[in-house]
*Asks:* 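For reference, the structure I am asking about is given below.
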Amino acid sequence: MLASLIYRSQIIENVDKEMIMEVVKNANHRNKKREISGLLFFDAPFFFQVLEGPQESIKALYRKILQDPRHSNVVLLVDETIKARQYPNLGMHFLDIEKIKSIDLSLAEYREKNHLNPANNNFDSKIEKFICQFIEYKYKSNLRHAIANGLKQFSYPVIQEHSNCTAEPPNGYVFAFQSVIDCRQRKTVFVEALARGPDGQGAKEYLSSMSQAEFAHYDMHSTEDAISLAAQLGIEKLSVNFSPNTIFQSIDTVDKLGAMLERYGFNPNQLVVEITESDFIGNHHLAPNIIAKLRASGVELAVDDFGAGYAGLSLLAQFQPDILKIDSGLIGSISSSGPKQSIVRAIHDCADSLAISVVAEGVEHEKDFQYLTSIGISQFQGHLFHTPKLNSYTAHQW
Ligand SMILES: Cc1cc2nc3c(=O)[nH]c(=O)nc-3n(C[C@H](O)[C@H](O)[C@H](O)COP(=O)(O)O)c2cc1C
């Protein structure tokens, strides 16, 4: 089976042109032996490579390329099987954009002259679109870095271990607390109460072991525990998760929630209610009224796990929450995934133009954090910043 693979990367500082030419010479020889055809574009400091050939050979080569110390920030853009090669010339063809510009040739003229055009002169293909994008990429990425540097949003806080305090839930339901931080404003925006089983099990495992009746009881009474714990731990703004069956069941829920907040000394604007994307889609006829009443009371609404459900951007056409939490599935390893980068940028742009705050959930790695800040995301949640602990909270030091 034939495969096509495209990635972009960034050259390491001390690698010079001579070294690149050495890579190209060896690669040309090896690719021919393995029946791989390849185009390598270089627009300092970025590489962009198109590889076509037998699937197994392409896979093996990409594993080596990923480990090559002469470049970094390797981002996979396309990895798929193809019917026929678009670039039939085996080997490795190097296109140095700066050099081509300096000899006063357009890229199109250079390709034509050097027989580097696609088969049948098909310039409408996906690969050709990616090539056009790469030509603009340097300009765009310089712009993004300028914006990110201008915002000075690259640092995040450390945990203040000595500030750790622990509390007791009144109904015995256990929670772990995790901050959502804003690196631009350098503050904690709110703290999420994450459901845990009595022995610290994850929410999924614990909640799925309950009967329907047990779950209904849990959903009502555990919220009181989350609020009580937050009050004892000195948390200023709290977010809680609700199942749609509880929150959208009756309009009275909003009054009950308000009374509960008052009992523990909170104002409604100190609460964020999180509902998952897929739960918004359910057929709850009271949902619009309840959402309107919650908002009128001052409670903020967040769509949780956005990108993991089925509604996608069409949900935002019907309803604009205050906060959009992008699902960790789209955030993990974003620094090396072209498709994830494009999707998250689109979600962020869309939310931005609707004045909805965006939180990147499940951030675990420094590289992903750096990428997310470079596209202008400033609110984060994840183990990189905060490991949640049972019934306790540890503040941050900026
Ligand atoms: C930007 C870039 C592109 C590369 N492209 C190829 C290529 O097309 N074919 C190839 O054999 N090696 C290529 N290499 C080199 C490989 O990463 C690796 O060094 C080479 O396959 C030799 O691996 P080995 O010494 O472990 O056999 C490239 C390296 C870089 C930095």
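One-based numbering along the sequence shown. Fair warning: this is a prediction, and the values are worked out from it, not measured in the lab. First listed ligand is number 1; within each ligand, the first listed atom is number 1.
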*Asks:* Do you know which two heavy atoms are closest between Phe177 and Ala193, and how far apart they sit?
*Replies:* CE2-CB, 3.7 Å
*Asks:* Look only at interatomic distance and state if Asp68 has a nitrogen or oxygen under 3.5 Å from any nitrogen or oxygen of ligand 1.
*Replies:* yes
*Asks:* Below 4.0 angstrom from a heavy atom of Arg34, which ligand 1 atoms are there? Numbered from 1 as shown, please.
*Replies:* 11 (O)
*Asks:* If you take the nearest heavy atom of each of Ile11, Val74, Asn31, which one is closest to atom 8 (O) of ligand 1?
*Replies:* Asn31
*Asks:* Checking side-chain polar atoms at under 3.5 Å, does Ser72 have a donor or acceptor matched by the opposite partner on Gln10?
*Replies:* no
*Asks:* Do Gln232 and Ser228 pass the side-chain hydrogen bond (donor to acceptor under 3.5 Å, both in side chains) test, and can you show the C-alpha distance, the side-chain angles, and the key distance before you say yes or no?
*Replies:* CA-CA 6 Å; Gln232 295 174 62; Ser228 160; 3.0 Å; yes
*Asks:* Give the residue, atom name and distance (to 0.1 Å) of the protein heavy atom nearest atom 27 (O) of ligand 1.
*Replies:* Lys64 NZ, 3.0 Å
*Asks:* Do me a favour and list the nearest non-hydrogen protein atom to atom 14 (N) of ligand 1 with residue, atom name and distance?
*Replies:* Val23 CG1, 3.9 Å
*Asks:* Contact between ligand 1 and Gln67 is defined here as a heavy atom of the residue under 4.0 Å from a ligand atom; is it met?
*Replies:* no
*Asks:* Looking only at protein heavy atoms, identify the closest one to atom 10 (C) of ligand 1 and say how far it is in Å.
*Replies:* Leu61 CD1, 3.3 Å
*Asks:* Do Phe47 and Phe41 have ring centres separated by under 6.0 Å?
*Replies:* no
*Asks:* Can you find an N or O of Tyr7 that's nearer than 3.5 Å to an N or O of ligand 1?
*Replies:* no
*Asks:* When the ring planes of Tyr218 and Phe175 are compared, do they come out parallel, tilted or perpendicular, using 30° and 60° as the limits?
*Replies:* parallel
*Asks:* Hey, does the side chain of Asp322 reach the backbone of Glu300 with a donor-acceptor pair shorter than 3.5 angstrom?
*Replies:* no
*Asks:* Suppose we measure from atom 20 (C) of ligand 1 to each protein heavy atom; which comes out shortest, and what is that distance?
*Replies:* Arg30 NH1, 3.3 Å
*Asks:* Test side-chain hydrogen bond (donor to acceptor under 3.5 Å, both in side chains) on Tyr393 and Ser179 and set out the steps.
*Replies:* CA-CA 9 Å; Tyr393 177 64; Ser179 300; 3.1 Å; yes
*Asks:* I need the minimum non-hydrogen distance between Pro198 and Tyr206, along with the two atoms involved.
*Replies:* CD-CE1, 3.4 Å
*Asks:* Under 4.0 Å from a heavy atom of Leu51: give me the atoms of ligand 1 that qualify, with their elements.
*Replies:* 8 (O)
*Asks:* For Lys325 and Glu192, what are the C-alpha separation, side-chain angles and deciding distance, and is it a salt bridge (Lys or Arg N to Asp or Glu O under 4.0 Å)?
*Replies:* CA-CA 12 Å; Lys325 297 181 82 181; Glu192 181 175 359; 2.8 Å; yes
*Asks:* Who gets closest to atom 7 (C) of ligand 1 by heavy atom: Pro69, Gly53, Ala27?
*Replies:* Ala27
*Asks:* Do ligand 1 and Asn26 have nitrogen or oxygen atoms that lie under 3.5 Å from each other?
*Replies:* no
*Asks:* Looking only at protein heavy atoms, identify the closest one to atom 4 (C) of ligand 1 and say how far it is in Å.
*Replies:* Gln49 OE1, 3.8 Å
